[in-house]
2 protein chains.
Amino acid sequence: MSRTPHHPAREQIELPLVLDCLSDPIRLAIVYQLAQQERVSSELRCGDFNGLAGKSNLAYHFAKLRESGLMLTRVVGTNRFMRLRREDLEARFPGLLDAVLCSAAKDADRLQLSVECEVVEAD
Amino acid sequence: MSRTPHHPAREQIELPLVLDCLSDPIRLAIVYQLAQQERVSSELRCGDFNGLAGKSNLAYHFAKLRESGLMLTRVVGTNRFMRLRREDLEARFPGLLDAVLCSAAKDADRLQLSVECEVVEAD
DNA sequence: CAATTAGTTCAAGAACTATTGAACATTGTA
DNA sequence: TACAATGTTCAATAGTTCTTGAACTAATTG
């Protein structure tokens, strides 16, 4: 297992790949949860998403999110900490991430997304 | 063949479906071309997209775009005129369509999109 | 060192997507 | 009425995506 998984450079982030990533309900839920976590300035571990799907299925979706350039994975011990690549996304696709997140928030019920007050607090 | 194809109501337009539609390069090119055509206040016919794919393949993508709520098809004689459902999309997902279109415009080369001056003029 | 924890990778299967060409339907026109 | 033009629908196929469980790796803990 390589220590740090591969991430594309900013300029390698492709619009179709990003949109495809966001079009999957599980991945959209992951991104949405990461976005809420941003507000308390902290990252989330893989395990924080166990409610969304099984472990190996989550690992599959994490890989897609990493490879599309949507999120960054930082390895610390046996944990992987993840956060959105907001600056890179904003530079490549201005306004896109926020438009998707706001649209998702409007449909939180329909999309079965965690509501705002369920943000995981930082340690 | 039914006279007017089915279109979802505004409130039935789903975010994941819309994003999935936009994540396909051919469909993104169609939407992009429709958006450029908006600027001269006119619609496009199916045949105007013949450069993007074969006829039956295009019909497949047109159906997806219609069923996702991204575009509207109007039948006139043997022709089908199409346009973006901009108002409905703006109401459901504010800023999303423009963010995608601007992002696509930035990557027009990479995405092999027609450039702005190739807008088809209205009759 | 053995056991535990955290997460990935692999293989297999089910389901879905895109693409193609042939057949079809509908309208307009000679 | 025949013929051409515009698109759709159907069937087949190739390829992709999602999901699952089992096996695995790597770091931590007793």
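Note on naming: letters A, B, ... go to the chains in the order of the sequence lines (proteins, then strands), and numbering restarts at 1 for each one.
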Discussion item. Checking side-chain contact (heavy atoms from CB on, under 4.5 Å) between Val100(A) and each of Leu28(A), Leu19(A), Val18(A), Leu89(A), which is the one that passes?
Written reply: Leu28(A)

Item to complete: Let me know which of Leu72(B), Leu34(B), Leu65(B) forms a side-chain contact (heavy atoms from CB on, under 4.5 Å) with Leu84(B).
Response: Leu34(B)

Contact check, side chains of [X] and [Y], non-hydrogen atoms, under 4.5 Å:
{"X": "Asp98(A)", "Y": "Arg86(A)", "result": "yes"}
{"X": "Ile30(A)", "Y": "Leu70(A)", "result": "no"}
{"X": "Leu22(B)", "Y": "Arg27(B)", "result": "no"}
{"X": "Phe49(B)", "Y": "Ile26(B)", "result": "no"}

Discussion item. Starting the side chain at C-beta, find the nucleotide from dA22(C), dT17(C), dT19(D) nearest to Ser56(B).
Written reply: dA22(C)

Worksheet item: Among dA18(C), dT20(D), dT8(D), which nucleotide sits nearest the side chain of Lys64(B)?
Response: dA18(C)

Worksheet item: Is the phosphate of dT19(C), meaning OP1 or OP2, less than 4.0 Å from a side-chain N or O of His61(B)?
Response: yes

Would you mind reading off the distance between [X] atom [atom1] and [N] atom [atom2], rounded to a whole angstrom?
{"X": "Leu65(A)", "N": "dT8(C)", "atom1": "CG", "atom2": "P", "value": "12 Å"}
{"X": "Leu58(A)", "N": "dT17(D)", "atom1": "CG", "atom2": "P", "value": "18 Å"}
{"X": "Arg66(B)", "N": "dT9(D)", "atom1": "CZ", "atom2": "C1'", "value": "12 Å"}
{"X": "Asn57(B)", "N": "dA12(D)", "atom1": "CG", "atom2": "P", "value": "19 Å"}
{"X": "Asn50(B)", "N": "dT20(C)", "atom1": "CG", "atom2": "P", "value": "13 Å"}
{"X": "Ile30(B)", "N": "dA18(C)", "atom1": "CD1", "atom2": "P", "value": "11 Å"}
{"X": "Leu52(A)", "N": "dG7(C)", "atom1": "CG", "atom2": "P", "value": "14 Å"}
{"X": "Phe62(A)", "N": "dA6(C)", "atom1": "CZ", "atom2": "P", "value": "13 Å"}

Fill in: Sorted by number, the residues of residues 16-29 of chain B with heavy-atom contact under 4.0 Å to DNA chain D
none

Practice prompt. Look only at the side chain of His7(B) and the backbone of Thr73(B), and say whether a donor-acceptor pair between them is shorter than 3.5 Å.
Written response: yes

Contacts under 3.5 Å, N or O only, protein and nucleotides 2-6 of chain D:
residue, atom, partner, partner atom, Å
dT6(D), O4', Thr78(B), OG1, 3.3
dT6(D), O3', Thr78(B), O, 3.4
dT6(D), O3', Asn79(B), OD1, 3.4

Worksheet entry | Salt bridge present between Asp107(A) and Arg92(B) (N-O < 4.0 angstrom) | yes

Fill in: From Arg80(B), Arg74(B), Gln37(B), residue fulfilling side-chain hydrogen bond (donor to acceptor under 3.5 Å, both in side chains) relative to Glu43(B)
Arg74(B)

